[in-house]
Amino acid sequence: MIDLASARARYDADADLAYQQREAERKAFRKEHPDAPDTQLPERLDRRPRVSVCGRVMLHRDNGKLVWMNLRDHTDESFQVAVSKRDCSQSGFAVAKATDLGDLLVVSGPLMKTRAGEITVWAETIEPAAKCLAPPPEKRAGLQDIELRYRQRYVDMWSNPETTRVFQLRSLVVGQIRQYLVERGFLEVETPMLQTQAGGAAARPFVTHMNALGIDLYMRIAPELYLKRLLVGGLPRVFEINRNFRNEGLDKQHNPEFTMLELYQAYGDYHTVMELTEQIVRHAACVAAKARSGEKGVDPSGPTLPFGSLQIDYGRPFDRIRYAELFERALGFALTDEARVRAEAEKRGIATHDDKGVQIEAVFVANELFEEVAEPMLDLARPTWIMDYPASLSPLTRPSRSDPTVAERADLFIAGMEIGPHYTELNDPDVQAAKFREQLSGIDDEESTFRSFDEDFIHALKVGMPPAGGMGLGIDRLMMLLADQPTIRDVILFPLMRPWRAASESSGPEK
RNA sequence: GAGGGCGUAGCUCAAUCGGUAGAGCAGCGGACUUUUAAUCCGGAGGUUCAGGGUUCGAGUCCCUGCGCCCUCACCA
């Protein structure tokens with residue numbers, strides 16, 4: 001049994017033509033010699049390749065003694081099958097007559113072309129593989145209901161072939177990223193998803209309980225602290241591509257579980273990993289452009305890919321701009337000009353004091369301005385690095401060796417989306433311990449239930465972690481860009497949905 | 001969390017100003033051996049998301065709830 005695209009490729013025009021000519025000769029001979037014995041007929045000549053294919057029935061045209069069907073599989077949207085009462089097995093013909101849209105069939109027979117020029121399997125046998133007992137979606141429009149597409153992805157996938165293509169592309173891209181990294185000496189590892197402390201990021205975790213040990217566990221919010229332990233252990237280049245879980249809101253760019261590439265390179269810094277990320281993203285874009293070549297707006301040579309109304313060029317070097325520089329360009333005064341920062345914030349209605357009336361530190365006010373005024377100035381169509389964030393905004397990053405007020409951190413922005421932060425990692429256990437303590441001092445009651453001091457990680461740093469560059473790359477967001485999908489749910493096979501049973505129960509009359 | 005929009009047959013969608021809930025596809029019965037969203041004939045299909053209200057009369061107006069979508073807020 002072969003897939004439909006392979007079957008289509010196996011069609012042999014010469015054999016088909018020869019068969020048709022010989023059949024015509026036989027017919028002509030019989031007409032001239034109606035009484036001649038069969039043995040005198042020109043011998044049959046059928047060298048047409050025979051194939052066995054399987055697929056889901058998308059169209060079904062019953063002409064009485066000749067039934068036409070179109071099958072779909074993951075390689076071909078619409079592959080034609082003809083079932084003639086004369087040439088197909090009796091049971092096969094019966095199956096064809098009883099077939100409904102959505103059924104799975106196995107069909108065998110020679111490959112031929114119809115009068116209209118369509119490559120077709122002229123069925124000799126048909127076996128039912130599975131009956132589709134659920135009513136199929138509208139055959140032309142497909143399944144349009146957005147909610148149903150996510151909840152019943154299995155219907156979405158066969159009904160809307162573009163959905164399947166997105167996930168085939170995702171698999172291809174992720175595989176290529178893995179290969180790219182492995183070829184450059186990176187080791188892929190798997191670190192705990194169930195953690196006794198959820199560290200490495202500032203998000204709220206999901207909590208679960210382990211019966212055997214009688215303890216609460218947290219779904220990881222990041223693999224960072226474990227990957228760094230591996231640097232301590234002596235692996236100089238490690239990465240993990242896997243899920244993180246964050247107990248926060250959901251929107252077009254956030255799903256509670258999402259896939260992240262996180263990577264560390266010993267004896268590198270943020271420049272090292274920026275360079276690497278740029279190459280990875282460009283390589284991934286090339287892979288996507290090749291896979292999608294022929295689509296509108298896709299230029300495989302660039303590579304340039306459309307994202308909504310944007311045309312994003314991944315081929316040229318990504319733009320780079322320093323945080324302070326972008327700030328000054330956008331606002332017209334320096335980040336450090338506290339008076340003007342506060343004046344501008346008030347002018348724009350940005351809070352300069354907290355709930356209790358205490359003045360907010362200027363750098364945080366400035367960051368609000370930055371996000372409101374400066375970030376929107378970036379060219380959405382150009383992948384752009386924002387570099388050298390103020391140190392106080394990035395407490396867990398190593399301050400710059402040349403300017404301690406600046407953190408060695410860069411964020412990649414594409415189409416207004418934050419794709420991934422890049423850091424020179426902090427490897428001083430005393431500084432790290434102080435930062436942990438500082439972070440813990442400002443937390444509220446809720447936060448204190450899941451945030452704690454990671455003694456073992458500090459111990460690991462005491463053992464000695466090499467200086468390193470580290471980065472995170474949001475795979476889902478990258479796939480949104482590469483597959484031109486407007487929401488993160490469109491690149492996640494089974495995005496989280498509120499369960500429907502809860503909905504119907506609570507919407508019922510109260511008793 | 002706030003605001004806005006939407007929810008009609010299995011699916012895709014109509015329904016004017018508040019006046020008998022419709023069509024196409026799917027499904028069912030029938031005809032048809034080169035169709036292409038096959039075609040033709042026949043019949044069937046509804047708690048208009050749920051509950052309440054206004055009205056002689058509600059898919060339509062009002063209220064409440066549920067779900068989804070969008071925008072904003074939150075989010076290293």
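Per chain, numbering begins at 1; letters A, B, ... match sequence-line order.
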Assign the ring pair A:F453 / A:F436 to parallel, tilted or perpendicular, where the plane angle (0 to 90°) is split at 30° and 60°.
->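 Geometry flag for A:F436 against A:F453: perpendicular rings.
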What interatomic distance, in whole Å, is found between P of B:G18 and the corresponding atom of B:G10?
-> 28 Å
For B:C69 and B:C13, measure between their P atoms and round to the nearest Å.
->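 About 16 Å, rounded to a whole number of Å.
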OG1 on A:T164 to CG on A:D156, rounded to 0.5 Å | 7.5 Å
Gap between atom CD of A:E118 and atom CZ of A:F79 - 0.5 Å precision |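 Result: 9.0 Å between the selected atoms.
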What is the nucleic acid contact for [X], judged by heavy atoms within less than 4.0 Å: base, sugar-phosphate only, or nothing?
X: A:D62; value: base
X: A:A201; value: nothing
X: A:G102; value: nothing
X: A:F93; value: nothing

Nearest-nucleotide comparison on RNA chain B, the residue closer to the 5′ end among A:T487 and A:G200 |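 Its nearest nucleotide lies further toward 5', so the answer is A:T487.
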Residue mapping more 5' on RNA chain B - nearest nucleotide basis, A:A141 or A:P136 | A:A141
Of the listed nucleotides [options], the one nearest the side chain of [X]:
X: A:Y150; options: B:U34, B:A76, B:C69; value: B:C69
X: A:W68; options: B:C68, B:U34, B:U12; value: B:U34
X: A:R140; options: B:C70, B:G10, B:A37; value: B:A37
X: A:P137; options: B:C11, B:U33, B:C74; value: B:C11
X: A:D145; options: B:C69, B:U36, B:U12; value: B:U12
X: A:R115; options: B:A76, B:U34, B:U36; value: B:U34
X: A:D100; options: B:C28, B:G10, B:C68; value: B:C28
X: A:L59; options: B:A37, B:A76, B:G67; value: B:A37

Whole angstrom value for the distance that separates [atom2] of [N] from [atom1] of [X]:
X: A:K252; N: B:C74; atom1: NZ; atom2: C1'; result: 17 Å
X: A:R246; N: B:C74; atom1: CZ; atom2: C1'; result: 15 Å
X: A:W158; N: B:A26; atom1: CH2; atom2: P; result: 12 Å
X: A:N367; N: B:C75; atom1: CG; atom2: P; result: 11 Å
X: A:H254; N: B:C70; atom1: NE2; atom2: C1'; result: 17 Å
X: A:E368; N: B:C72; atom1: CD; atom2: C1'; result: 15 Å
X: A:N63; N: B:C40; atom1: CG; atom2: C1'; result: 12 Å
X: A:E147; N: B:C66; atom1: CD; atom2: P; result: 15 Å

Do any side-chain nitrogens or oxygens of [X] fall under 4.0 Å of OP1 or OP2 in [N]?
X: A:K139; N: B:A37; value: no
X: A:K113; N: B:U34; value: no
X: A:R489; N: B:C69; value: yes

Any N/O donor-acceptor pair, [X] side-chain to [N] base, under 3.5 Å:
X: A:Q144; N: B:U12; answer: no
X: A:R61; N: B:A38; answer: no
X: A:S78; N: B:U36; answer: no
X: A:Q80; N: B:U35; answer: yes

Answer yes or no on whether A:R409 is positioned over the face of A:Y389, meaning its NZ or CZ is under 6.0 Å from the six-membered ring centre and within 45° of the axis.
-> yes
Under a 3.5 Å limit on both distances, the Watson-Crick or wobble mate of B:G3 is B:C70
So, the side chain of A:D476 versus the backbone of A:T259: is there a donor-acceptor pair under 3.5 Å, distance only?
-> yes
Step through it carefully: locate the ring centre of A:F206, locate the ring centre of A:Y218, and say whether they are under 6.0 Å apart.
->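 They do not qualify: ring centres at least 6.0 Å apart.
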Can you name the nearest heavy-atom pair linking A:R48 to A:P110, along with the distance?
->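 Heavy atoms only, the tightest pair is NH2-CG, 3.4 Å.
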